[in-house]
Amino acid sequence: NYTHDKIKTIYDLIEFRIPFMSDTQKIEKIVAEITFELTEKYIEVTAKQFLSLKKRYDMRSRDFRPRIHLIPDAIEPCFILYVWYIAPYHQIMEFKSQLSQKIVKRLLEEGIEFYA
């Protein structure tokens, strides 16, 4: 497994459900801002570590910036907000908890509700 050989971070995912009537552009902007703020230092480190892996393995180039996607749910009338981000593999649960709390707090402060 080359992940633990050279790269000490992993991609992880958080999912939220957002009502269809939400301001999706505002949500994307806020979530991208928070996620980038918390992951910026890991993005740089991962990019450098990835370069050394490309020398050993046949791998395509990657962009490690956070990825935010809003996809309609197949069952419920809402969007699923997917937040993909880089995090240190040895602290994944703590990092996920911290990021989730910041996102929820900020969206609620902005008057954005979650689908229940």
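We use all heavy atoms of the structure for the numbers below, so side chains are in, but hydrogens, waters and symmetry mates are not.
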Would you mind reporting whether [Y] and [X] have side-chain heavy atoms less than 4.5 Å apart?
X   : Y    : answer
K8  : Y42  : no
F16 : Y115 : no
P72 : F20  : yes
L70 : I80  : no
I43 : P66  : yes
V83 : D12  : no
Y82 : I14  : no

Taking all non-hydrogen atoms of both residues into account, name the closest pair between [X] and [Y] and its distance.
X   : Y   : value
Y89 : I10 : CB-CG2, 3.8 Å
I18 : S22 : CG2-OG, 3.1 Å
Y85 : I92 : OH-CD1, 4.5 Å
E28 : I68 : OE2-O, 3.8 Å
E15 : L13 : OE2-CD2, 3.5 Å

Hey, is CD on E109 packed in by over 12 heavy atoms from elsewhere, all under 6.0 Å? yes

Under 4.5 Å between side-chain heavy atoms, counting indirect links through other Ile/Leu/Val/Met/Phe/Trp/Tyr residues: same cluster for L107 and M21 or not? no

Please report the interatomic distance [atom1]([X]) to [atom2]([Y]), rounded to the nearest 0.5 Å.
X   : Y    : atom1 : atom2 : answer
I30 : D23  : CD1   : CG    : 8.0 Å
T39 : E44  : OG1   : CD    : 10.5 Å
L99 : I103 : CG    : CD1   : 4.0 Å
T46 : K41  : OG1   : NZ    : 12.0 Å
R67 : R65  : CZ    : CZ    : 11.0 Å

Verdict with supporting geometry, F79 and I71, side-chain contact (heavy atoms from CB on, under 4.5 Å): CA-CA 5 Å; F79 286 110; I71 310 294; 5.9 Å; no

Result of checking V45, I86, T9 against F64 for side chain to side chain contact (heavy atoms under 4.5 Å, CB included): I86

The side-chain hydrogen bond (donor to acceptor under 3.5 Å, both in side chains) partners of D73 (sequence neighbours excluded) come to R17

Please step through side-chain contact (heavy atoms from CB on, under 4.5 Å) for the pair L81 and V31, ending with a clear verdict. CA-CA 10 Å; L81 169 64; V31 172; 4.0 Å; yes

Looking only at the side chains, is there a donor atom on one of Q101 and S97 sitting less than 3.5 Å from an acceptor on the other? yes

Could you walk me through whether K26 and E110 satisfy the side-chain contact (heavy atoms from CB on, under 4.5 Å) test, starting with their C-alpha distance in whole Å, then the side-chain angles of each, then the deciding distance to 0.1 Å, before giving a yes or no? CA-CA 9 Å; K26 183 177 183 179; E110 295 287 335; 3.2 Å; yes

Please step through side-chain contact (heavy atoms from CB on, under 4.5 Å) for the pair R106 and K102, ending with a clear verdict. CA-CA 6 Å; R106 177 76 186 281; K102 282 188 178 254; over 6 Å; no

